[in-house]
Amino acid sequence: MSPAPREAMIALVDCASFYASCERVFDPSLENRPVVVLSNNDGCVVAMSQEAKALGIPMGMPWFKLEPVAAAQGIVARSSNYELYGSLSARVMEVIGRHAAWQEVYSIDESFIGLRGTVEELVQLGRRIREDVARCTGIPVRVGIAPTKTLAKVALLGVKRSAPLAEVGVCHFGGYSPTQRDAILASIPVTDLWGVAGRLGRRLANLNIHTAADLAAQDPGQMRRRFSVVLERTVRELRGTPCIPLEEEPRQYKDQLIYSRSFSEPVTTTPAMRQVLSIYAQQLASRLRSAGQQARVLTAWASTSPFATDQEPHSPQVSAVLPVPTAEPLTIARGSLGLAELIRPGTRYVRAGVVLTDLRPAGQAETLPGLGPPGEGRQLGPTLDAVVARFGVGSIGLGYGGLGTPPSWQMRRAMLSPRATTHWDELVTVRL
DNA sequence: TCTGGGGTCCTAGGACCC
DNA sequence: TCTGGGGTCCTAGGACCC
């Protein structure tokens, strides 16, 4: 039975190979070529163009293993350029939003919109969205439409996997007969659904539940008792009952803030780790301040490489309750530096991070003058941010972070494209 | 030599309260 | 010998997302 005309529907719009597509927008020479986008430090593959996927390159493959064969296969690599992707994402989302009264931006490359209309009307609308986004941003998108978010994802998988649907770029789950829908669900492994990954997938396989159709046939209450309310909702959504609402309002405040990075070369000494922590703390303080929040609890950690076979793994960690909820870089740096005392000099650490939790909106409880820790209330954060805004990252640093030359462990991004939409001096030149 | 980063949600279990 | 019960709050850890 096809859904009643004008019933509320949800469309999931996703960008095809988003990072690779972004790289192509300002570099047409990448068209029709296998493009891979690398993680920070040019570590491993985090995104691929269709051509690269077709070569069978596994997601997450280390670049140092791919690099030797890349040239021979015509593979082009780019360092990830999140500033560019974020900027293009905002434009894509804005264009999508023009076509619907309800929109939830789900991730950097996915958006849900709420729609009403017949199957034919909504498929037409999906086509218009594709054309509009392509014309305004150069990014290809695909559209899956269904009564629930989970089924919209199923419809989108159809667009990705069926050649005729890929041609159109739009799939409406309601356009199929019940028999066809069952066949579609039976063709989708459970682990392709939202909320079902490896662990859960193995537990479901033990119960002989392998496909979306198998899962849809389960009793929702039983799935809740045996697994969780999350899986219960998935079952109900697969059966067409919306359980996961469209969330239009982006959340105003985050629950936690993390700054963590791998090093381009291992850090082995206490002074170097102090420098790492000072720089990370300053970055984090800056983010926290621009989010309009303060933190009360801080955790700092470092770890050795999980791939190293020649040394014992070591992951020291410190947690501290800050004297007052704060966004002051000095207080955050001081809390983080305790970690430097815990490292074993000579051990090779490959990454570190600082996590702020127990966040709250800034300005809720002002500390009385003189009662806070040293540095509180001196507005060091805004001053540092202002200097960085004017003279660039690295132009000023706190304590151990304030060194003139860039540290040797700093992130490597050798194949970085220009930030063509956010920096005047990196604009693209077009010759006619 | 070289393997990413930043989040959220849910549940179980302990602390604590009356 | 026999030793309550119901509720909330908080946290850690697991699992998942892109």
Side-chain angles (χ1 to χ4, degrees), chain A residues 12 14-15 17-19 36-48 57-68 70 77-82 85-86 89 104-112 149-150 153 156 190-204 223-234 243-244 247 250-251 253-266 268 280 283-284 287-288 291 296-297 299 301 303-311 317 319 321 348 350-359 408-409 411-414:
Chain A
L12 173 57
D14 96 318
C15 302
S17 307
F18 183 55
Y19 296 172
V36 298
V37 178
L38 304 178
S39 63
N40 284 339
N41 277 316
D42 297 336
C44 58
V45 174
V46 292
M48 285 181 273
I57 301 167
M59 191 65 86
M61 185 178 198
W63 173 236
F64 74 86
K65 287 186 182 171
L66 185 58
E67 189 177 11
R78 287 282 185 269
S79 306
S80 37
N81 186 346
Y82 290 106
Y85 311 151
S89 170
E104 172 186 345
V105 176
Y106 181 74
S107 72
I108 195 166
D109 67 344
E110 292 166 296
S111 178
F112 289 105
K149 284 184 168 180
T150 303
K153 163 91 174 183
L156 195 58
V190 263
T191 48
D192 286 353
L193 298 171
W194 261 311
V196 185
R199 305 281 175 118
L200 200 50
R202 277 195 292 279
R203 290 174 64 196
L204 289 170
M223 287 297 101
R224 180 185 196 132
R225 285 188 297 278
R226 296 187 83 136
F227 296 95
S228 71
V229 64
V230 180
L231 197 61
E232 179 194 13
R233 285 199 281 253
T234 303
C243 299
I244 312 172
E247 289 177 34
R251 61 177 57 222
Y253 294 113
K254 292 181 180 173
D255 298 333
Q256 58 175 22
L257 217 49
I258 302 178
Y259 191 92
S260 85
R261 290 286 181 280
S262 301
F263 313 133
S264 60
E265 61 182 58
T268 60
Y280 286 17
Q283 293 285 343
L284 205 44
R287 283 192 195 174
L288 187 60
R296 200 176 65 98
V297 175
T299 303
W301 53 271
S303 64
T304 52
S305 168
F307 305 99
T309 51
D310 57 343
Q311 66 177 7
Q317 178 180 328
S319 282
V321 177
R348 302 202 315 278
V350 299
R351 69 200 306 148
V354 181
V355 184
L356 297 176
T357 48
D358 201 352
L359 306 187
S408 60
W409 47 265
M411 190 164 83
R412 185 175 53 228
R413 294 195 292 175

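Just so it is clear: chains get the letters A, B, ... in the order the sequence lines come, proteins before strands, and each one is counted from 1.
A tilted orientation is assigned to the rings of A/W194 and A/F112, their planes being inclined by 30° to 60°. Using the six-membered ring where Trp is involved, A/F263 and A/Y280 have ring planes that are tilted, between 30° and 60° apart.
In this model, the phosphate group of C/dC17 is not approached by any side-chain N or O of A/S107 to a distance below 4.0 Å at OP1 or OP2. Taking only side-chain nitrogens and oxygens, A/R233 comes nearer than 4.0 Å to OP1 or OP2 of B/dC10.
The minimum heavy-atom distance linking A/C44 with A/P62 is given by the pair CB-CA, 3.8 Å.
Taking the side chain of A/R287 as heavy atoms from C-beta on, and the options C/dC18, B/dG7, C/dA15, the nearest nucleotide is B/dG7. Of the candidate nucleotides C/dC17, B/dT8, B/dG5, B/dT8 has the atom nearest to the side chain of A/K254.
The interatomic distance linking A/Y280 (OH) with B/dG5 (C1') rounds to 11 Å, in whole Å. In this structure, the CZ atom of A/R225 is 14 Å from the P atom of B/dA12, given to the nearest Å. For the pair A/F18 CZ and C/dC18 P, the interatomic distance rounds to 15 Å; values are reported in whole Å. Rounded to a whole Å, the CZ atom of A/R296 is 7 Å from the P atom of C/dT11. Across the protein-nucleic acid pair, A/L356 atom CG and B/dG7 atom P stand 10 Å apart, rounded to whole Å. Taking atom CD of A/E110 as the reference point, atom C1' of B/dG7 lies 14 Å away to the nearest angstrom. Atoms NZ (A/K149) and P (B/dT8) sit 15 Å apart, rounded to a whole Å. As a whole-Å value, the separation of A/D255 CG from B/dC9 P is 6 Å.
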**Message:** Can you give me the dot-bracket string for DNA chain C, 5' to 3', counting Watson-Crick and G-U wobble pairs with both distances under 3.5 Å, using [ ] for crossing pairs and | for partners on another strand?
**Reply:** ....||||||||||||||
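Using a 4.0 Å heavy-atom criterion, one finds that A/W194 contacts the sugar-phosphate atoms exclusively. If you check every strand for non-hydrogen atoms under 4.0 Å, A/V196 touches sugar and phosphate atoms only.
By the criterion of a centre-to-centre distance under 5.5 Å and near-parallel planes under 30°, the ring of A/F64 forms no stack with the base of B/dT3.
In this structure, A/S264 contributes its side chain and A/M411 its backbone to no donor-acceptor pair below 3.5 Å. A side-chain donor-acceptor contact under 3.5 Å links A/R413 to the backbone of A/S80.
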